[in-house]
Amino acid sequence: MTPIRFYNTLTNQLEDFAPIDPPVVRMYNCGPTVYDFAHIGNFRAFVFADLLRRFLEFTGHEVRQVMNITDVGHMTEDQLADGGGQDKMELAAQRLKAAKKSGVADVENPDDPFAVARYFEKAFIDDARALRLKIADDEAPRRPRATEHVKQMIAMIEKLVAADHAYVAGDGAVYYDVSSFPQYGKLSGNTLDKLAHGAGGRVSETDTAGKRNPHDFLLWKPDAKHLMKWDSPWGWGYPGWHIECSAMSMSALGVETLDIHTGGEDNIFPHHECEIAQSCGATGKAFARYWMHTRFLMVEGEKMSKSKGNFYTVRDLLKRGVDPAALRLELMRTHYRSNMNFTMKGLEDAHRMVERWRAAAAGVDAQSVAAGDSDVERDFVAALSDDLNISGALGAINKWLNDSPDDLSPLVRMNSVLGVLEAAELETETSGDDAAIDAKVQQMADARAAKDWAASDAIRDELTAAGIEVQISKQGITWRRKMTLD
RNA sequence: GGCCGCGUAGCCAAGUGGCCUAAGGCGACGGAUUGCAAAUCCGUUAUUCGUGGGUUCAAAUCCCACCGCGGCCUCCA
């Protein structure tokens, strides 16, 4: 079997993958912030993590996946990381209040930041389940909440202070001393000598006054007025942004060195760089062996942004009748280290592919699909073993399908990685009216039996206009809703 | 200014030194089928890999320059 190789951001090269404790693989994925509904860009990273997990499971690994829920109310804008700006949870509450007024949201008490966080966390899990992310059905401890791990964060900060990796500044805030960690910059290439402080234009000088070095980052911010606050040796306040992942990953996985850590490319610096500094500083051990980052998603060739009107959440698309399997396939079929271009046409392409596979797999008795081996599965695994080359894997499947194989059970087995054959179970705005459509189709069948083509065509046109596609065969007429996109 | 990554047909997208006169999907076109369509099936669809140099017996694949795109340089997947 071909060895599994992954591109490791830490070394900027492909490396053979070998977990510390085979067949167990301990993987941590930077998860969602729950101030709002997650968008398709967020989900590209989550779908990637799911694909990685499913592939490793397919190749005999026992994956322990942990995805955090960031529910601490961090700050907006930039000063935020160091303490200014407006609390994101507060903004979320304002949005929810507005939504509640208009009857859209059903959060019980928008004034309770925890209720707001739980509301969006549930929305995230619902979306994740629709896209068949396994993490959505895992036990809750696999989705640790930052607000429930403040104790572990404080313990780690104390360790860092004791080890002289952190210090308490004049204003009482606790900062990590980056000069105490010579490897700082290894992940991103942004070593201290190369960092241009403030070049990103997002630093507030007034909030960095207490630091020894402008690149030192916040571990604890005392702030008794903060919306969500906890008691600590440094007073009531809240933890810095980076510390939660270090504390929760070790806590949830029970080890100090993870096999795999994933996230979006924007997390490479500073977030993951800082996690490494904190974790290694606290334990003296490597934090994660393989770092994998997904590139950003574009929409119709442009950056996705609310102002451009090309901003999509998963739930928006599903409500509009998009097949979740098509969305899942579209989000995962571009290699994770390339910018993917999300397009409506691409979504339709993906849908066609899913439907074709579903038709092919329709006759397979899922019960009879035991473990198996076949050329196509070997090609499939070989492609994915090469840094998760999903396009190559999909190509292997389609090529094999084009030869009209007798035994289609490999398709069902490979679906344990793809997760797209299952039909949508979601209610959409276009659901309902099935009985009325059945009746129309019956009228059409009667007209056809009487060779009344004009009547038959009229009904067909009517159904087509309503987004219903009819399929006529010798066995009769079947129908399905077309995936609709405006 | 620094650090990453990317640029392959109408669109999406593999391939990263010779099996490439470049997978696979969508679309388009032709045919079978059909009352006509749809669905389905069969076939066709890049001598060329952002541009210009260079290395090599051999380059989409390596090197250099340039152009374009994306990310980061204390919010972000």
Side-chain angles (χ1 to χ4, degrees), chain A residues 7 9 12 29-33 35 38-49 74-82 85 88 185 187-191 193-204 207-208 211 214-218 240-242 262-271 273-274 293-298 301-304 329-330 333-335 337-343 345-353 355-356 359 383 386 389-402 404 448 451 453-454 456-457 460-461 464 469-473 478 480:
Chain A
Y7 185 89
T9 311
N12 288 337
N29 314 300
C30 273
T33 51
Y35 319 124
H39 55 70
I40 56 176
N42 298 317
F43 268 97
R44 181 187 192 205
F46 305 149
V47 168
F48 161 73
H74 291 294
M75 299 298 180
T76 58
E77 312 298 322
D78 319 311
Q79 310 90 301
L80 0 79
D82 287 318
K88 284 186 177 172
L187 181 73
S188 61
N190 290 332
T191 48
D193 55 313
K194 287 177 182 155
L195 276 171
H197 178 60
R202 302 199 288 211
V203 183
S204 160
D207 289 313
T208 61
K211 295 180 180 183
H215 305 299
D216 289 349
F217 55 91
L218 186 75
W241 171 45
H242 312 300
T262 75
E265 63 173 317
D266 56 322
N267 281 153
I268 296 171
F269 192 93
H271 189 48
E273 195 73 74
C274 293
H293 294 96
T294 53
R295 293 286 150 190
F296 266 35
L297 158 158
M298 316 275 286
E302 292 191 281
K303 280 199 236 191
M304 178 168 74
L329 182 60
E330 174 68 0
R333 72 188 178 127
T334 299
H335 186 82
R337 278 194 299 117
S338 298
N339 285 117
M340 82 157 278
N341 188 16
F342 181 92
T343 62
K345 189 169 183 300
L347 198 52
E348 285 166 358
D349 286 5
H351 190 234
R352 299 274 306 177
M353 216 189 293
E355 298 242 292
R356 190 171 161 228
D386 182 15
N389 180 355
I390 184 68
S391 297
L394 299 179
I397 292 177
N398 285 321
K399 196 183 243 181
W400 163 71
L401 236 32
N402 287 341
S404 306
R448 290 179 60 78
K451 293 202 190 298
W453 308 126
S456 167
D457 290 353
R460 183 172 66 194
D461 291 346
T464 302
E469 201 169 78
V470 294
Q471 284 144 357
I472 301 171
S473 72
T478 56
R480 66 176 191 113

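Everything quoted here is computed from the prediction, not taken from an experiment.
- Comparing the same atom, P, in B/A46 and in B/C3 gives a spacing of 41 Å after rounding to whole Å.
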Expected string for nucleotides 3-16 of chain B under the B/S/- scheme (protein heavy atoms, under 4.0 Å, primed atoms plus P, OP1, OP2 as sugar-phosphate) is SBB----BBSSSS-
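- In this structure, A/Ile397 reaches neither bases nor backbone, as no heavy-atom distance under 4.0 Å exists between it and the strands shown.
- Side-chain N/O atoms of A/Arg352 include one lying less than 4.0 angstrom from OP1 or OP2 on B/G27.
- Atom P of B/C62 sits at a distance of 15 Å from the matching atom of B/U8, rounded to the whole Å.
- Between A/Met304 and A/Gly41, the shortest heavy-atom distance links the atoms CE-N, 3.8 Å.
- Among the nucleotides B/G70, B/C36, B/U40, the one closest to the side chain of A/Arg448 is B/C36.
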Under the rule of Watson-Crick or G-U wobble with both distances under 3.5 Å, where | means paired to another strand and [ ] a crossing pair, RNA chain B maps to (((((((..(((.....[.....)))((((((.......))))))....(((((..]....))))))))))))....
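- Between A/Ser473 and A/Thr33, it is A/Ser473 whose nearest contact on RNA chain B lies nearer the 5' terminus.
- For the C1' atom pair drawn from B/A9 and B/C29, the interatomic distance equals 15 Å after rounding to whole Å.
- Atom P of B/A13 sits at a distance of 25 Å from the matching atom of B/C67, rounded to the whole Å.
- Note on ring orientation: taking the six-membered ring where Trp is involved, the planes of A/His271 and A/His242 are tilted (angle from 30° to 60°).
- In terms of polar N and O atoms assigned as donor or acceptor, the side chain of A/Arg460 comes within less than 3.5 Å of the base of B/A37 in a complementary pairing.
- Here the separation of B/C64 from B/G30, taken at their C1' atoms, is 47 Å to the nearest Å.
- Rounded to whole Å, the P atom of B/C20 lies 23 Å from the corresponding atom of B/C42.
- Comment: A/Asp349 does not engage A/Arg352 in a salt bridge, judged by the lack of any side-chain N to carboxylate O separation of less than 4.0 angstrom.
- Here the P atom of nucleotide B/G27 and the CD atom of A/Glu348 are 9 Å apart, to the nearest Å.
- Nearest heavy atom pair, residue A/Ala350 against residue A/Leu329, reads O-CD2, 3.6 Å.
- A/Lys451 comes within 4.0 angstrom of nothing in the nucleic acid, heavy atoms only.
- Nearest-nucleotide mapping onto RNA chain B: of A/Phe269 and A/Gly31, the residue sitting toward the 5' end is A/Phe269.
- A 4.5 Å side-chain heavy-atom check between A/Thr334 and A/Phe342 finds every atom pair outside the cut-off.
- The separation between A/Trp453 atom CH2 and B/A38 atom C1' is 15 Å, rounded to whole Å.
- Closest approach to the A/Met298 side chain among B/G70, B/G24, B/C36 is made by B/G70 (side chain taken as heavy atoms from C-beta onward).
- At a cut-off of 3.5 Å, with distance as the only test, no side-chain donor of A/Asn341 or A/Thr343 sits close to an acceptor on the other residue.
- Checked by distance alone, A/Asp457 brings a side-chain donor or acceptor within 3.5 Å of a matching partner on the base of B/G35.
- No contact: A/Ile40 has no heavy atom under 4.0 Å from any strand.
- Across B/U40 and B/U34, the matching C1' atoms stand 11 Å from one another, rounded to whole Å.
- Under the 4.5 Å side-chain criterion, counting only non-hydrogen atoms from C-beta, A/Thr294 is not in contact with A/Thr262.
- Between B/G35 and B/U45, the distance separating the two P atoms is 32 Å to the nearest Å.
- In this structure the side chain of A/Leu297 never reaches within 4.5 angstrom of the side chain of A/Glu330, judged on heavy atoms.
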